[in-house]
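Everything below concerns the one structure shown next.
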Number of protein chains: 2
Amino acid sequence: MTEIDNDVDADVVSTWRELSARHAAIVSDLERELQDHHDLGVSEFEVLDRLVEGVCLSPGGKFRVQELAAGVSLSQSALSRLIARLEKSGFVVRSMCADDRRGVFVNLTDAGRVRHSEALPTQRRVLRAHLGTTPA
Amino acid sequence: MTEIDNDVDADVVSTWRELSARHAAIVSDLERELQDHHDLGVSEFEVLDRLVEGVCLSPGGKFRVQELAAGVSLSQSALSRLIARLEKSGFVVRSMCADDRRGVFVNLTDAGRVRHSEALPTQRRVLRAHLGTTPA
DNA sequence: ACGCATTATTTGCTTGTGCATTGAATGCAT
DNA sequence: ATGCATTCAATGCACAAGCAAATAATGCGT
């Protein structure tokens with residue numbers, strides 16, 4: 001443990017604390033705003049967001065659960081239940097995929113698309129507030 | 001919604017995603033390492049860390065619960081239970097404070113100090129791995 | 001065709017978290 | 001002193017998350 005190590009550690013630790021505090025503040029704001037205005041949790045919104053994004057790429061709008069897992073930092077089980085919640089709310093539907101019947105397709109419904117498009121401006125607003133408008 | 005707004009949003013969103021992913025990765029690693037090697041959760045470690053830090057500043061080593069709350073991003077109730085857990089593990093003790101008997105002092109025990117000093121190198125190692133060694 | 005390791009998803013269980021409420025102590029106004 | 005709003009911490013409750021086990025479908029070697 002040299003003096004240099006101490007300096008490096010101090011630097012790394014303060015970076016970590018800043019990162020951590022910033023993340024917590026943003027998540028907290030997002031959670032409140034999305035919940036109050038659109039009855040959506042942060043994770044729920046994120047999954048809808050990925051689905052909408054994906055639809056642009058492959059207009060079928062279908063996703064295997066595991067494809068969603070990459071991109072959202074949630075365990076498989078958490079994602080499974082989250083999708084179940086979204087389905088109960090009518091924002092997605094699950095369907096078997098024919099070629100590999102272990103897999104489950106998740107597709108966005110019209111209601112899901114609508115809810116996402118309503119919530120999107122709210123999310124953007126909160127993110128801008130925290131991460132700066134940084135105008136070009 | 002102008003084109004510039006779109007650009008700003010895209011920028012802000014990608015910043016947010018990076019921040020978010022980075023945070024999740026670090027927390028996940030920290031959780032695993034601290035749990036496996038020292039039987040401590042990330043939040044537990046953070047509270048011990050604040051207590052140790054504070055001891056340096058005011059050698060009495062006593063803290064009101066609310067003083068800890070600032071600095072750890074947890075709700076008051078979560079913090080209350082976390083402290084109860086630490087107390088059960090023998091890392092802190094709670095005591096009434098004489099001047100304002102609503103307040104509760106939390107002080108670190110020797111066992112708490114030891115556990116923290118054991119876990120500290122692990123935390124630093126994980127943080128360095130993620131946030132770079134950035135040697136001066 | 002049959003067993004067996006592997007992959008995809010779900011479910012049981014336990015735990016940590018937040019919100020709202022409660023219980024206790026304080027300060028202030030009357 | 002008494003009442004009342006306020007503050008600190010703890011608790012009841014509901015819910016989301018992770019881990020490990022269960023379930024189901026594949027693919028491969030024989």
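So that the names make sense, note that chain A is the first sequence line, chain B the second, and so on, each numbered from 1. Computed from heavy atoms alone, side chains included, the values below leave out hydrogens, waters and symmetry copies.
- To the nearest angstrom, C1' of C:dT9 lies 13 Å from CG of A:Leu68.
- At whole-Å resolution of the value, CG in B:Leu86 and P in C:dT15 are 16 Å apart.
- Residue A:Arg85 places at least one side-chain N or O closer than 4.0 Å to OP1 or OP2 of D:dA17.
- Protein atom CG of A:Leu74 is 17 Å distant from nucleotide atom C1' of C:dA8, rounded to whole Å.
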Please write out each protein N/O paired with an N/O of nucleotides 20-27 of chain C under 3.5 Å, distance rounded to 0.1 Å.
residue: C:dT26; atom: OP1; partner: B:Arg101; partner atom: N; Å: 3.2

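- Here the side chain of A:Arg50 pairs no donor or acceptor atom with the backbone of A:Val72 at under 3.5 angstrom.
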Just list the side-chain donor-acceptor pairs under 3.5 Å for residues 79-90 of chain A, sequence neighbours left out, or say none.
residue: A:Arg85; atom: NH1; partner: A:Glu44; partner atom: OE2; Å: 2.8
residue: A:Glu87; atom: OE1; partner: A:Arg94; partner atom: NE; Å: 3.1
residue: A:Glu87; atom: OE1; partner: A:Arg94; partner atom: NH2; Å: 3.3
residue: A:Glu87; atom: OE2; partner: A:Arg94; partner atom: N; Å: 3.0
residue: A:Ser89; atom: OG; partner: A:Arg85; partner atom: O; Å: 3.1

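- Judged as a ring-ring contact (aromatic ring centres under 6.0 Å, His included), the pairs with a partner in residues 107-128 of chain A (not counting sequence neighbours) are, in order, A:Phe45-A:His116.
- Atom CD of A:Glu87 and atom C1' of C:dT10 are 13 Å apart (whole Å).
- As rounded to whole Å, 9 Å separates atom P of D:dA9 from atom CD of B:Glu67.
- With B:Gln35 contributing its side chain and B:Arg32 its backbone, the two residues share no donor-acceptor pair below 3.5 Å.
- Of the possible donor and acceptor atoms, none in the side chain of B:Glu18 sits under 3.5 Å from a partner among the backbone N and O of B:Thr15.
- More than 12 heavy-atom neighbours from other residues, nucleotides or ligands sit within 6.0 angstrom of CZ on B:Arg125.
- Within the 4.0 angstrom heavy-atom criterion, no nucleotide atom of any strand lies near B:Arg32.
- When atom types are taken as modelled, the side chain of B:Ser73 and the backbone of A:Ala21 share no donor-acceptor pair closer than 3.5 angstrom.
- Following rounding to the nearest Å, B:Glu31 (CD) and D:dA17 (C1') show an atom-to-atom distance of 11 Å.
- The shortest distance between the side-chain N/O atoms of B:Ser43 and the OP1/OP2 oxygens of C:dT17 is below 4.0 Å.
- Look at CG on B:Leu82: it is 14 Å from C1' on D:dA10, rounded to the nearest Å.
- Each of B:Ser80 and A:Ala78 lies near DNA chain D, and the nucleotide nearest B:Ser80 is the one positioned closer to the 5' end.
- Summarising the geometry, the separation between CG on B:Asp39 and P on C:dG16 is reported as 11 Å, rounded to the nearest angstrom.
- In this model, the phosphate group of D:dA9 is approached by a side-chain N or O of B:Arg64 to a distance below 4.0 Å at OP1 or OP2.
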